[in-house]
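All of these numbers come straight from a predicted model, not from anything done at the bench.
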Amino acid sequence: MERCPWSEGFEQYRQYHDEEWGVPLRDSRALFELLMLEGAQAGLSWSTILKKRDNYRKAFDGFDPVRIAAYGEADVERLMADAGIVRNRLKVNGVIKGARAYLAMEAAGTRFADFVWQFVGGEPLQNQWKTLSEVPASTAVSDAMSKALKKAGFTFVGSTICYSFMQAAGLINDHLVACPRHKAVKALGGKAAHALTKDGQKSRKRA
């Protein structure tokens, strides 16, 4: 299998690429978990967070927004003493803020999944990158998502983090065209799909 080059290095990374990365994710709680993990990645590598993912799930009560939103200072100190996660106070508090923002959004009648998917019109954007150098770090779409998430009360949701989140959650298919997963993931996006141009604009085409 000619995988996307970034996935090589260790077996867990390859497995993540082959089974999860780019698969359209529409479950609100799973999307919340992924966004929080992407935020934890800021300034680090995704491989670092991936290796700690199980620890994060244990430390943050399975990323249950209701439980996390109720965290107090004792919980923050517990997390800051947990060697299984990135012990950064701003990032730890960011997850708590994120849980509260998530609950506020849902209480106002907006499902988090619907909020996230609105930025791509409800269907995955299908790209046709041939090399990693073509793949952007952010786009106008991730800029818009970042701005909206910050307004909603989330932190660690800059445009680059949002673009990485969009790639991982399957809002965009950024597997290189030579990678077998490109075709497999594309098939999950439905008969009609969008392509994302380099400036972040959408153009509709048949899949």
Side-chain angles (χ1 to χ4, degrees), residues 1-27 30-57 63 86 113 116-117 119-146 156-207:
M1 176 183 287
E2 188 177 347
R3 296 179 178 88
C4 298
W6 62 261
S7 68
E8 299 298 344
F10 61 101
E11 184 55 35
Q12 188 180 10
Y13 221 19
R14 289 189 288 271
Q15 184 176 354
Y16 173 73
H17 168 274
D18 294 352
E19 299 176 8
E20 297 183 55
W21 195 76
V23 174
L25 189 61
R26 296 182 183 273
D27 177 82
L31 285 165
F32 169 72
E33 173 184 319
L34 183 57
L35 183 61
M36 295 302 98
L37 290 173
E38 290 287 353
Q41 177 194 354
L44 304 170
S45 68
W46 179 244
S47 60
T48 296
I49 302 303
L50 187 61
K51 290 175 182 177
K52 294 177 179 290
R53 183 166 62 171
D54 287 342
N55 294 328
Y56 265 95
R57 287 170 172 168
F63 284 98
V86 176
V116 166
W117 278 91
F119 295 97
V120 292
E123 293 295 335
L125 306 176
Q126 303 293 336
N127 289 325
Q128 301 288 327
W129 313 127
K130 295 181 180 180
T131 65
L132 286 179
S133 63
E134 294 179 81
V135 183
S138 64
T139 64
V141 177
S142 63
D143 289 347
M145 178 183 287
S146 173
F156 288 97
V157 286
S159 187
T160 299
I161 288 175
C162 284
Y163 192 77
S164 180
F165 167 71
M166 291 167 64
Q167 290 175 309
L171 277 74
I172 49 179
N173 180 4
D174 266 0
H175 284 280
L176 301 184
V177 291
C179 174
R181 289 297 295 165
H182 182 276
K183 183 177 181 180
V185 166
K186 185 177 181 180
L188 300 174
K191 293 183 178 180
H194 290 90
L196 186 65
T197 62
K198 288 289 282 187
D199 63 358
Q201 301 302 308
K202 292 185 289 183
S203 61
R204 195 167 184 82
K205 68 176 185 177
R206 300 301 297 180

Measuring from atom [atom1] of [X] to atom [atom2] of [Y], what distance do you get when rounded to the nearest 0.5 angstrom?
X: Lys183; Y: Gln126; atom1: NZ; atom2: CD; value: 13.0 Å
X: Cys162; Y: Asp143; atom1: SG; atom2: CG; value: 9.0 Å
X: Leu34; Y: Glu20; atom1: CG; atom2: CD; value: 9.0 Å
X: His175; Y: Arg3; atom1: NE2; atom2: CZ; value: 11.0 Å
X: Met36; Y: Phe156; atom1: CE; atom2: CZ; value: 10.5 Å
X: Ser7; Y: Trp21; atom1: OG; atom2: CH2; value: 9.0 Å

Between [Y] and [X], is there a side-chain heavy-atom distance shorter than 4.5 Å?
X: Glu8; Y: Tyr13; value: no
X: His182; Y: Gln128; value: yes
X: Met166; Y: Ser142; value: yes
X: Asp174; Y: Leu125; value: no
X: Pro124; Y: Asn173; value: no
X: Ser146; Y: Phe119; value: no
X: Gln167; Y: Val135; value: yes
X: Leu37; Y: Phe63; value: yes

List the atom of [X], the atom of [Y], and the distance in Å for their closest heavy-atom pair.
X: Val120; Y: Leu171; result: CG1-O, 3.9 Å
X: Gly22; Y: Val185; result: O-CG1, 3.0 Å
X: Phe10; Y: Ser47; result: CE2-CB, 3.6 Å
X: Arg14; Y: Gly9; result: NH1-N, 3.7 Å
X: Tyr16; Y: Leu50; result: CB-CD2, 3.7 Å

* Do Tyr56 side-chain atoms and Val86 backbone N/O form a donor-acceptor pair below 3.5 Å? ->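 Side chain of Tyr56 to backbone of Val86: a pair is present.
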* Whether Ser164 side chain and Ile161 backbone form a donor-acceptor pair below 3.5 Å ->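 No; zero donor-acceptor contacts below 3.5 Å.
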* Any chance the rings of Trp6 and His17 have centres within less than 6.0 Å? -> yes
* Output all residues satisfying ring pair (Phe, Tyr, Trp, His ring centres under 6.0 Å) with Phe32, sequence neighbours left out; order by chain, then residue number. => Tyr102
* For Trp117, all residues meeting ring pair (Phe, Tyr, Trp, His ring centres under 6.0 Å), sequence neighbours excluded ->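 Here no residue qualifies.
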* To do: Report the C-alpha separation of Glu134 and Asn127 in whole Å, then their side-chain angles, then the decisive distance to 0.1 Å, and conclude whether the side-chain contact (heavy atoms from CB on, under 4.5 Å) test is met.
  => CA-CA 10 Å; Glu134 294 179 81; Asn127 289 325; over 6 Å; no
* Side-chain ion pair, Glu123 and Lys186, N-O less than 4.0 Å -> no
* Salt bridge present between Arg53 and Glu33 (N-O < 4.0 angstrom) ->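 No salt bridge links Arg53 with Glu33.
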* In chain order, what residues pass the side chain to side chain donor-acceptor pair (under 3.5 Å) check against Gln41, with sequence neighbours excluded? ->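 Side chain to side chain donor-acceptor pair (under 3.5 Å) list for Gln41, sorted by chain: empty.
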